[in-house]
Amino acid sequence: MKYYFDSRIRYSELDENLCLPLHGLVNYFQDCSTFQSEELGIGVEYLKEKGRLWVLTSWQIRIFRYPSLGEEVRTGTWACGFHGFVGMRNFVMETVEGEMLACAYSEWAYMDPVAGRPVRADAGEIQRYGMEEPLEMEYAGRKISVPGEQRFLDPVTVHAHHLDSNHHVNNGQYVAIAAEYLPEGFQVRQLRAEYKRQARLGDILTPGISESSGAYVVTLNDQAGRPYVILEFS
């Protein structure tokens, strides 16, 4: 089943160009899926009591136009597939007039956080989400390769404001951190993100960046050089 919520772009959400930044768009999409789960009765408290988590493993977000101050927008989401322990979900953001601002495809792993392993979602949970046809968009692969030699930058320490209720770095925070290393004036029209591991309070993120054919790949790595996340901005 499809779920939508209406909102208005607020000043507190904007960047210096008075537009919603990329990580703000990610937040709208994440909020939308959370709102749907809450309305279906399988949200945050349900998962906490059951000892389960939905963990984002990959994003592909296409941006056609960044909304600006005061624009009224409609954000939507729906499940478009389940396979084993993985759920697939589409997102859209539109103006109230129907202009498509952005769309996305994402994959989520259903996890037992105590055992530290993925598990299958219950049939009843899948039935509540329902299933819709995938959005018509050009789908890229989930895996992201790192081109050429990376340039490594000053490390970032994970602070409390980076965390969400699962006590690890929120997906949008990774995007916000990585986007800081893009060249000034570079406008992202597509984001791909491959989440590998979870960073927690006090962890050190070492950013690496490389460029190929006008696209930038940023990795946020642990101190041993293993990536928490790989992000491609194009």
Side-chain angles (χ1 to χ4, degrees), residues 1-7 10 13 23-61 74-93 104-135 142 157-177 193-203 205 220 222 226-229:
M1 103 183 28
K2 293 187 177 182
Y3 174 86
Y4 291 87
F5 81 96
D6 297 324
S7 188
R10 298 181 291 276
E13 299 173 316
H23 69 270
L25 177 61
V26 170
N27 289 338
Y28 267 83
F29 286 163
Q30 289 188 127
D31 288 344
C32 190
S33 60
T34 301
F35 291 159
Q36 183 187 37
S37 296
E38 291 295 324
E39 287 208 2
L40 294 174
I42 47 179
V44 174
E45 288 302 319
Y46 169 88
L47 292 171
K48 183 178 179 181
E49 291 175 6
K50 191 173 180 178
R52 295 289 186 265
L53 294 174
W54 282 107
V55 176
L56 182 65
T57 61
S58 68
W59 270 125
Q60 180 191 353
I61 302 177
R74 191 170 190 240
T75 306
T77 189
W78 58 90
C80 59
F82 289 95
H83 181 71
F85 57 82
V86 177
M88 289 75 93
R89 180 180 282 277
N90 282 127
F91 294 87
V92 294
M93 178 183 278
Y105 171 74
S106 60
E107 295 186 359
W108 305 71
Y110 198 54
M111 299 289 296
D112 179 336
V114 176
R117 59 181 176 82
V119 294
R120 287 179 178 270
D122 293 345
E125 295 169 345
I126 293 174
Q127 187 176 15
R128 286 202 219 182
Y129 282 118
M131 190 85 68
E132 299 285 344
E133 289 295 317
L135 183 70
R142 186 175 70 85
T157 301
V158 174
H159 296 289
H161 71 268
H162 294 121
L163 307 180
D164 58 24
S165 61
N166 298 320
H167 310 296
H168 58 243
V169 175
N170 183 266
N171 310 306
Q173 290 287 342
Y174 286 118
V175 175
I177 292 168
E194 181 186 354
Y195 295 92
K196 311 281 281 187
R197 299 163 51 243
Q198 299 173 13
R200 301 180 182 275
L201 184 66
D203 285 344
L205 309 180
L220 298 176
D222 66 12
R226 299 172 299 181
Y228 291 108
V229 61

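From Cys32, atom SG reaches atom CG of Asn27 across 12.5 Å, with rounding to the nearest 0.5 Å. Once rounded to the nearest 0.5 Å, the distance linking OG1 of Thr57 with CD of Glu194 reads 8.5 Å. Put simply, CG on Asn171 and CZ on Phe29 are 13.5 Å apart, with the number rounded to the nearest 0.5 Å. The OG1 atom of Thr157 lies 5.0 Å from the NE2 atom of His159; values are rounded to the nearest 0.5 Å. Here the CD atom belonging to Glu107 is positioned 10.0 Å from the CD atom belonging to Gln60, to the nearest 0.5 angstrom. In this structure, the separation between CE on Met88 and CZ on Phe82 is 8.5 Å, given to the nearest 0.5 Å.
Within the 4.5 Å cutoff, the side chain of Leu47 has no heavy atoms near those of the Ile42 side chain. Side-chain atoms of Ile177 and Leu205, non-hydrogen and from C-beta on, do get closer than 4.5 Å to each other.
Both the sub-6.0 Å distance and the 45° axial angle are not jointly satisfied by Arg200 relative to the ring of Tyr228.
Taking every heavy atom of both residues into account, Leu135 and Asn90 meet most closely at N-OD1, 2.9 Å. Residues Asp203 and Gln198 approach most closely at OD2-O, 4.4 Å, considering heavy atoms. Nearest heavy-atom pair across Pro113 and Gly51 is CD-O, 3.2 Å. Here the closest non-hydrogen pair linking Val26 and Trp59 is CG1-NE1, 3.9 Å. Pairing each heavy atom of Gly87 with each of Trp54, the nearest pair is N-CZ3, 3.9 Å. The two residues Gly130 and Ala79 have their closest heavy-atom pair at O-CB, 3.6 Å.
In summary, Glu125 and Arg52 do not engage in a salt bridge, as defined by a charged side-chain N under 4.0 Å from a carboxylate O.
In this pair, Tyr28 and Phe5 present their aromatic rings parallel. The plane angle is below 30°, not in the 30 to 60° band. Below 30°, between 30° and 60°, or above 60°: for Tyr4 and Trp78 the angle between ring planes is between 30° and 60°, a tilted geometry. Classification of the Phe91-Trp108 ring pair by plane angle, with boundaries at 30° and 60°, yields tilted.
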Next item on the list: Take Arg197 and Val229 through the side chain to side chain contact (heavy atoms under 4.5 Å, CB included) test and state the conclusion after the steps.
Entry: CA-CA 7 Å; Arg197 299 163 51 243; Val229 61; over 6 Å; no

Next item on the list: Determine, step by step, whether Asn170 and Gln30 satisfy the side-chain hydrogen bond (donor to acceptor under 3.5 Å, both in side chains) criterion, reporting the C-alpha distance in whole Å, the side-chain angles of both residues, the deciding distance to 0.1 Å, and the verdict.
Entry: CA-CA 10 Å; Asn170 183 266; Gln30 289 188 127; 3.1 Å; yes

Next item on the list: Please assess Met1 against Gln36 for the test side chain to side chain contact (heavy atoms under 4.5 Å, CB included), listing each intermediate value before the final yes or no.
Entry: CA-CA 10 Å; Met1 103 183 28; Gln36 183 187 37; 4.0 Å; yes

Next item on the list: Evaluate the side chain to side chain contact (heavy atoms under 4.5 Å, CB included) criterion for residues Ile61 and Leu25: first the C-alpha distance (whole Å), next the side-chain angles of each, then the deciding distance (0.1 Å), finally the verdict.
Entry: CA-CA 9 Å; Ile61 302 177; Leu25 177 61; 3.9 Å; yes

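A donor-acceptor pair is defined here as one N or O able to donate and one able to accept, closer than 3.5 Å; such a pair exists between the side chain of Asp222 and the backbone of Arg226. Side-chain atoms of Asp122 never come within 3.5 Å of backbone atoms of Gly124 as a donor-acceptor pair (strictly under, hydrogens ignored). A donor-acceptor contact shorter than 3.5 Å links the side chain of Glu13 to the backbone of Arg10. The main-chain N or O of Asp6 is never found under 3.5 Å from a side-chain atom of Arg74 such that the two would form a donor-acceptor pair.
Partners of Asn166 according to the side chain to side chain contact (heavy atoms under 4.5 Å, CB included) rule, which considers only residues two or more places apart in sequence or in another chain, are Leu53, Asp164, His168.
Annotation for His83: atom NE2 does not count as buried by contact number, only 12 or fewer foreign heavy atoms lying within 6.0 Å. No more than 12 heavy atoms of other residues, nucleotides or ligands sit less than 6.0 Å from atom NZ of Lys48.
For the residue pair Tyr46 / Ser37, no side-chain donor-acceptor distance below 3.5 Å is found, with atom types taken as modelled. Under 3.5 Å, the side chains of Thr77 and Arg89 contain a donor-acceptor pair of N or O atoms.
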